[in-house]
Amino acid sequence: MSKEITSREKDYSQWYNDLILKGGLADYSAVRGCMVIKPYGFALWENMRDVLDKMFKDTGHVNAYFPLFVPKSLFEAEEKNAEGFAKECAIVTHYRLKNDPSAKGKLMVDPEAKLEEELVVRPTSEAIIWNTYKGWIQSYRDLPLLINQWANVVRWEMRTRLFLRTAEFLWQEGHTAHATKEEAIIETEKMLDVYADFVENWMALPVIKGIKTPNERFAGAEETYCIEALMQDGKALQAGTSHFLGQNFAKAFDVKFSDKNNKLDFVWATSWGVSTRLIGGLVMAHSDDDGLILPPKIAPVQVVIVPIFKSIEEKALIDEKVNALVHQLKANNIRVKYDDNDNARPGWKFAEYEMKGVPVRIAIGARDLANHVVEIARRDTKEKQSVSLDGLDIYIQNLLETVQQNMFNKAKAYRDEHCTNADTWEDFVQLLDTKTGFINAHWDGTPETEEKIKELTKATIRCIPLHNKQEEGTCILTGKPSKQRVLFARAY
RNA sequence: CGGGAGGUAGUUCAGCCCGGUAGAAUACCUGGUUUGGGACCAGGGGGUCGCAGGUUCGAAUCCUGUCCUCCCGACCA
């Protein structure tokens, strides 16, 4: 057992790190807070990206690419946005190195190569994009402008964690411009639905849709919509956000258009994004002490086939069956890998692919050939059974769908069990410490109370759920009147 | 950024207190036997001890600085 994984019970954080590192998703790098995404992890991201990209295009968006650098003067144009990100920006101040005269073989920053104006490495791209949109929008005929970009951004976080919070991360950011407020709000909500659809139906992760409180709102937004997921340790994870930006950026960057009546007005904006953080959520929500468990729809390898043989003659017979099967599965668009590497024995491969979270494993040996069957093992339940070679491709197809559905159901059952109402402060604190998860409680609606609760319990308001049930009640902390419950949790 | 732990073979770690030939397991290479849940035997290769200074006849070991990682906290649109 050279690759043992720390159990969740023993050390949840270490368990998470073990899964990422030993599952081959990512590695630490020589750069503080930055990780290397390894081929297996990147294949997972590519699958996620491809699905999302299609969803964006199906809803009328197109891709473009904007610069990594933002001149400081542009960055500071939208005041609240700039202020919100100021503390975590990387800044380029020089453009040249030179030989260090006092240390042979070393380089130093050339003081003569100081930039006139510093460049901010984008922590988000609103500034550079809205500066560009100014030149693209004159008339209502130019609207709506529906653009997405796939990019990297940098946020100089104090404390980083693989995938969940890295100094540099990959994401997509949509930036749209509209003629009316109503249209922009519809867009904001539409993209939230796209995210929820993707995370639930492709990542098998149930989410709660809602809006953020003013405290938790995106810097520069009028309203921030979000989807919140629950991890196995009872902590919440913000899985995606969609912002209604009002006319804030249009005003900051002077983006006006003429409407049908030749009346000038500022455009209405949205922005929305999900990042490689989703991979962290995927890992934390589904995996177990034996390794990753990946949902079939986005798993880099959906089916792995392991041959078991005692001689090259046996191997040849197995190859013949497997090659036909691989051909069949590929024809059905199933991502299949035949691992006939003779360096590793079957038992080793079983453990390895369990660690990597491959949803379905097929083992085939002489015994199976004689009976015209294969052994099929599911990663999610660890169940094994013999299945006839006849119609196996259909069986696999169905099994992948079953696994996908089962993973979602399991995560949803856990999430639902961990949504609890609290009506007294004692219950609230007790639930946070023992049961954990989402807690539905009344709140008096003030930022001060929210802040106080965070201070006392480390729990934040994750969101005010959409279409929230209205009911009379009293605030969990202050006892003041409240009209609805909001969703509290400790969060990543 | 504060507190704690750590960095020695590809990996996990011992050695450090008390300075004196760089170690184990595993992985890797070769050959053979194996193969239905992380195989076994024999042989072999692999290290600027994170980096930079200092003390010393001599530093993985002592001292100073620095970089990186993990855990807890603060921060986190």
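Residue numbers start from 1 in every chain, and the chains themselves are labelled A, B, ... in the order their sequence lines are given, proteins ahead of strands. These figures come from a predicted structure and were not determined experimentally.
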According to the Watson-Crick and G-U wobble definitions, with both distances under 3.5 Å, which nucleotide is paired to [N]?
{"N": "B:C16", "answer": "none"}
{"N": "B:A52", "answer": "B:U64"}
{"N": "B:G43", "answer": "B:C29"}

Nearest-neighbour nucleotide for the [X] side chain, [options] considered:
{"X": "A:Arg32", "options": "B:U35, B:U69, B:C76", "answer": "B:U69"}
{"X": "A:Asn17", "options": "B:C70, B:U34, B:G36", "answer": "B:C70"}
{"X": "A:Lys458", "options": "B:G38, B:A74, B:A39", "answer": "B:A74"}
{"X": "A:Pro346", "options": "B:C70, B:G38, B:U35", "answer": "B:U35"}
{"X": "A:Gln14", "options": "B:C72, B:C70, B:C75", "answer": "B:C70"}
{"X": "A:Ala363", "options": "B:C68, B:C70, B:G36", "answer": "B:G36"}
{"X": "A:Lys384", "options": "B:G36, B:G37, B:C70", "answer": "B:G37"}

Would you find a donor on one side and an acceptor on the other, under 3.5 Å apart, between the side chain of [X] and the backbone of [Y]?
{"X": "A:Asp290", "Y": "A:Glu354", "result": "no"}
{"X": "A:Glu118", "Y": "A:His94", "result": "no"}
{"X": "A:Arg361", "Y": "A:Val303", "result": "no"}

Roughly how far apart, to the nearest Å, are [N] and [M] at atom [atom1]?
{"N": "B:G15", "M": "B:A59", "atom1": "C1'", "answer": "14 Å"}
{"N": "B:G3", "M": "B:A22", "atom1": "P", "answer": "37 Å"}
{"N": "B:U61", "M": "B:A9", "atom1": "P", "answer": "15 Å"}
{"N": "B:U55", "M": "B:G19", "atom1": "C1'", "answer": "11 Å"}
{"N": "B:A39", "M": "B:U26", "atom1": "C1'", "answer": "14 Å"}
{"N": "B:G47", "M": "B:G65", "atom1": "C1'", "answer": "25 Å"}

For this session: Starting at the 5' end of nucleotides 2-8 of chain B, put B wherever the base has a protein heavy atom under 4.0 Å, S where only the sugar-phosphate does, and a dash everywhere else.
Result: -------

For this session: Keeping to residues at least two apart or across chains, list the side-chain hydrogen bond (donor to acceptor under 3.5 Å, both in side chains) pairs with something in residues 120-134 of chain A.
Result: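 The answer is A:Tyr65-A:Arg122, A:Arg122-A:Asn152, A:Thr124-A:Glu126, A:Ser125-A:Gln149, A:Ser125-A:Glu173, A:Glu126-A:Ser271, A:Lys134-A:Asp254.
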
Exercise. Reckon A:Val31 touches a base, only the sugar-phosphate, or nothing at all at heavy-atom distances under 4.0 Å?
Worked result: sugar-phosphate

Exercise. Base, sugar-phosphate alone, or nothing: which one does A:Gly33 contact when heavy atoms must sit under 4.0 Å apart?
Worked result: sugar-phosphate

Exercise. If you draw the axis of the six-membered ring of A:Tyr40, does the NZ or CZ of A:Lys356 fall within 45° of it and under 6.0 Å from the ring centre?
Worked result: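 Yes, a cation-pi geometry.
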
Exercise. Under 3.5 Å, is there a donor-acceptor pair between the A:Asp319 and A:Tyr338 side chains?
Worked result: yes

For this session: Please determine, by modelled atom types, if A:Gln247 and A:Lys181 share a side-chain donor-acceptor pair under 3.5 angstrom.
Result: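 Judged by distance alone, the side chains do not pair up.
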
Exercise. What about A:Arg165, does its side chain sit under 3.5 Å from the base of B:C76 through a donor-acceptor pair?
Worked result: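 Side chain to base: pair present.
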
Exercise. Counting only distance, no hydrogens or angles, is the base of B:G36 paired donor-acceptor with the side chain of A:Lys310 under 3.5 Å?
Worked result: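 It does not, because no donor-acceptor pair links the side chain of A:Lys310 to the base of B:G36 below 3.5 Å.
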
Problem set entry | Aromatic ring pairing A:His243/A:Phe218, orientation class (parallel under 30°, perpendicular over 60°, tilted between) |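 Because their plane-to-plane angle is under 30°, the rings of A:His243 and A:Phe218 count as parallel.
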
